[in-house]
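Chain letters run A, B, ... following the sequence lines, proteins first, then strands; residues in each count from 1. Because the structure is a prediction, the values reported are computed rather than measured.
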Amino acid sequence: MAKEITPRSEDYSQWYLDIVQKARLADNSPVRGCMVIKPHGYAIWERMRDALDAMFKATGHVNAYFPLFIPKSFLSKEAAHVEGFAKECAVVTHYRLKNDPNGGGVIVDPEAKLEEELIVRPTSETIIWNTYRDWIQSYRDLPILINQWANVVRWEMRTRPFLRTTEFLWQEGHTAHATAEEAVAETEQMLEVYARFAEEFMAMPVIKGIKTANERFAGAVETYCIEALMQDGKALQAGTSHFLGQNFAKAFDVQFLNKENQQEYVWATSWGASTRLIGGLIMTHSDDDGLVIPPKLAEIQVVIVPIPKPSPELTEAADKIAAALRAKGVRVKIDNDDQNRPGFKFAEYEMIGIPVRLGLGMRDLAAGQVEVARRDTKEKTSVPVDTIADYVANLLDEIQQNLFDRAKAYRDEHITPADTWEELVDILENKGGFVSAHWDGTTETEVAIKEKTKATIRCIPLDAKEEDGKCILTGSPSKRRVLFAKAY
RNA sequence: CGGGGCGUAGCGCAGCCCGGUAGCGCACCUGCUUUGGGAGCAGGGGGUCCCAGGUUCGAAUCCUGGUGCCCCGACCA
């Protein structure tokens with residue numbers, strides 16, 4: 001038993017770290033808060049990236065790439081934006097090293113100080129809007145619908161693999177529009193794209209909503225978000241889409257001539273999702289035996305394990321099954337390793353989250369069957385070889401659906417209405433999850449509730465019904481319920 | 001930035017209190033026997049004991065200073 005995973009019931013946080021480590025998703029790096037994303041973790045990101053990228057393209061977006069470095073002065077142009085990011089920026093001050101004259105190693109060459117410091121992008125609004133100024137003259141130049149896949153750096157106090165790392169991978173969409181209506185429609189459309197991606201590919205149910213002023217993106221007029229619920233009852237913001245109004249256009253002086261030959265400021269949106277999604281994926285589906293990957297995001301959906309080890313007969317049978325599966329579009333690996341024993345392999349494939357495992361031994365071959373083991377429920381059944389391809393193809397869909405249904409049932413059970421302060425506190429302390437409660441709409445109240453309970457308003461759900469009520473803390477009138485939760 | 005913990009083989013750790021020249025498990029290499037849920041036996045390789053200074057005949061161990069990482073909070077995707 002070389003690879004024990006801490007049970008969730010014992011220490012959820014340690015369980016999470018164990019999964020990341022033992023499912024070979026990522027390693028810590030020599031640099032604080034940065035991680036090495038290992039092949040098995042990166043494969044999940046590649047699938048996420050490809051799926052999202054296709055959805056962006058299908059909604060009319062194109063990819064481009066803007067620089068990693070941003071002149072320091074750009075950051076100060078949009079007041080709220082600086083306020084939000086200044087405290088967590090990595091700054092490049094020099095461009096050269098030299099040998100230490102006092103011996104031992106290299107030092108920063110004091111002669112090589114930069115005239116203007118460069119900021120490693122924490123997000124790219126500033127450099128992109130500085131560029132858009134030159135690209136936009138007329139309403140005919142609009143809209144601009146650009147996305148970029150990039151890495152960004154935010155010097156966070158406290159980091160956790162995938163959930164919050166100093167450097168992370170993400171995509172950021174930056175669009176420019178002639179009207180506010182069009183920009184809002186874009187913001188909402190992209191929120192919809194994220195929600196669909198989360199639910200269809202990650203099998204992770206999400207709540208669509210808007211952020212309160214207090215939780216809004218630095219520089220945005222309105223921030224839309226999708227919020228997911230993790231197994232430990234904490235919420236995770238899984239994607240955001242911002243309506244930026246004319247804030248960045250004004251800060252970077254981006255105007256266009258409209259049809260009436262008048263100068264107007266351009267309307268903007270930005271939207272992003274990051275490698276944090278992998279953290280969400282882990283905490284939505286995985287269990288004490290290891291990672292669980294939904295079939296649509298699994299690089300390898302099916303592994304065939306010859307039992308007890310590969311032999312000419314077993315390999316021939318495995319090749320046929322693999323060919324039949326591949327013909328159905330299933331991603332298959334045949335385990336040709338002849339060193340480890342079956343028990344070891346079973347545990348290993350469960351650890352790294354392969355959705356379906358086929359066990360194939362002489363016993364099965366003689367009976368014309370294959371043993372099918374599904375990762376999500378751990379159930380095993382024997383299936384005739386001649387129907388295996390159809391069976392597995394259907395099973396993958398069923399697993400994808402089951403994971404979603406399971407997560408949704410859990411999530412739905414953990415949206416609890418509260419009408420008194422005592423209820424709110426009790427639910428947050430003991431049950432966890434989202435608490436649906438009335439709020440008077442002020443930042444003061446929101447902050448006060450956070451100080452008392454550590455819970456924040458995750459969002460005002462888009463589908464929140466009009467309902468007269470009283471604020472859970474102050475008793476002031478409220479028109480609708482909002483969702484409170486402790487969050488990652 | 002506060003609080004706590006830890007730096008000893010690739011990984012996880014013991015040894016430190018009480019100083020005597022480094023050990024255990026896993027992993028790795030070789031061989032044999034095994035193989036339907038994490039194999040067994042035998043042999044073997046691998047170490048600036050985080051760094052610097054001090055005390056001492058002698059430091060992984062004691063003292064001083066530094067440094068790194070992890071975990072828990074406040075801040076954030």
Starting at atom CD of A:Gln171, determine the distance to atom P of B:A77, rounded to an integer number of angstrom. 15 Å

Report which part of the nucleic acid A:Phe217 touches: base, sugar-phosphate, or nothing (heavy-atom distance under 4.0 Å, all strands). nothing

Atom-pair distance (CG on A:Asp338; P on B:U34), nearest Å: 16 Å

Taking the side chain of A:Asp364 as its heavy atoms from C-beta onward, which of B:G36, B:C71, B:A77 lies nearest to it? B:G36

Before we go on, tell me: are the rings of A:Phe248 and A:His174 under 6.0 Å apart, centre to centre? no

Looking only at atom C1', what distance separates B:G12 and B:C69, rounded to whole Å? 16 Å

Which one is paired to B:C6, where only Watson-Crick or G-U wobble pairs with both distances under 3.5 angstrom count? B:G68

Figure out the CZ/C1' separation between A:Arg357 and B:G36, and round it to whole Å. 11 Å

Quick one: does A:Glu350 reach the base of B:G37 with a side-chain donor-acceptor pair under 3.5 Å? yes

Looking across every strand, which nucleic acid part, if any, lies under 4.0 Å from A:Lys378 by heavy atom: base, sugar-phosphate, or nothing? nothing

Can we say A:Arg8 and A:Asp232 salt-bridge, meaning some charged N sits less than 4.0 Å from an Asp/Glu carboxylate O? no

As a test of reading the structure: which of B:G38, B:G36, B:A74 is closest to the side chain of A:Met157, going by heavy atoms? B:A74

Closest approach to the side chain of A:Ala347, judged atom by atom: which nucleotide of B:C76, B:U35, B:G37 is it? B:G37

B:U55 and B:U64, which share atom name P, separated by this distance in whole Å: 15 Å

Does A:Arg341 place a side-chain N or O at less than 4.0 Å from the phosphate oxygens OP1/OP2 of B:A39? yes

Spacing between A:Asn340 atom CG and B:C26 atom P, to the nearest angstrom: 15 Å

Go through the side-chain N and O atoms of A:Tyr410 and A:Gln231 and say whether any donor and acceptor fall under 3.5 Å apart. no

Just to confirm, is there a sub-4.0 Å distance from OP1 or OP2 of B:C75 to any side-chain nitrogen or oxygen of A:Lys450? yes

Expressed as a whole number of Å, how far does the C1' atom of B:G15 sit from that of B:A60? 8 Å

From the list B:G36, B:A74, B:G37, which nucleotide is the closest neighbour of the side chain of A:Arg158? B:A74

Interatomic distance at P, B:U67 relative to B:C29, whole Å: 41 Å

Base, sugar-phosphate, or nothing: which does A:Thr240 touch, judged by heavy atoms less than 4.0 Å apart? nothing

Rounded P spacing from B:U56 to B:C41 in Å: 50 Å

Please state how far atom CD in A:Gln21 lies from atom P in B:A27, giving the value in whole angstrom units. 16 Å

Remember a base hit wins even if backbone is also touched, and classify A:Gln339 as base, sugar-phosphate or nothing at under 4.0 Å, heavy atoms. nothing

Ranking B:A74, B:C72, B:U35 by distance to the side chain of A:Pro308, first place goes to B:U35

Distance only, no hydrogens: is a donor on one side chain within 3.5 Å (strictly under) of an acceptor on the other, for A:Thr6 and A:Asp18? yes

Start at the 5' end of RNA chain B and walk down; is the nucleotide closest to A:Tyr488 or to A:Arg160 reached first? A:Arg160

Would you say the ring centers of A:Trp271 and A:His61 fall short of 6.0 Å from each other? yes

Picking from B:G73, B:A77, B:C75, which would you name as closest to the side chain of A:Thr165? B:A77

For the side chain of A:Arg363, starting at C-beta, report the closest nucleotide among B:G36, B:A77, B:G37. B:G36

Has A:Lys408 got more than 12 heavy atoms of other residues, nucleotides or ligands less than 6.0 Å from its NZ? no

Starting at atom NZ of A:Lys87, determine the distance to atom P of B:C76, rounded to an integer number of angstrom. 6 Å

Quick note, A:Phe346 side chain, CB onward, closest among B:G37, B:G36, B:A77 is B:G37

Take atom CD in A:Glu46; do more than 12 heavy atoms of anything else shown fall under 6.0 Å from it? yes

Whole-Å C1' distance, B:G73 and B:U8: 31 Å

Nearest to the side chain of A:Glu371 - B:U35, B:C72, B:G36? B:G36

Take atom CD of A:Gln14 and atom P of B:C72, then tell me their distance rounded to the nearest Å. 9 Å

Write down the distance separating the C1' atoms in B:G45 and B:A27, rounded off to the nearest Å. 13 Å

So, OP1 or OP2 of B:C71: does either fall under 4.0 Å of a side-chain N or O from A:Ser13? no

Regarding A:Glu156, tell me which of base, sugar-phosphate or nothing describes its non-hydrogen contacts under 4.0 Å with the strands shown. base

Identify, between A:Ala487 and A:Lys380, the residue whose nearest nucleotide on RNA chain B lies closer to the 5' end. A:Lys380

Out of B:A77, B:C76, B:C70, which has the shortest distance to the side chain of A:Asn28? B:C70

Across the strands shown, which category fits A:Leu163 at heavy-atom distances under 4.0 angstrom: base, sugar-phosphate, nothing? base

Atom P, compared across B:G58 and B:G19: separation rounded to whole Å: 15 Å

Any strand counts, and the cut-off is 3.5 Å on both contacts for Watson-Crick or G-U wobble. Which nucleotide pairs with B:U55? none

Tell me: OH of A:Tyr349 to C1' of B:G38, nearest whole Å? 14 Å

Please work out whether the ring planes of A:Tyr132 and A:Phe66 are parallel, tilted or perpendicular, with thresholds of 30° and 60°. perpendicular

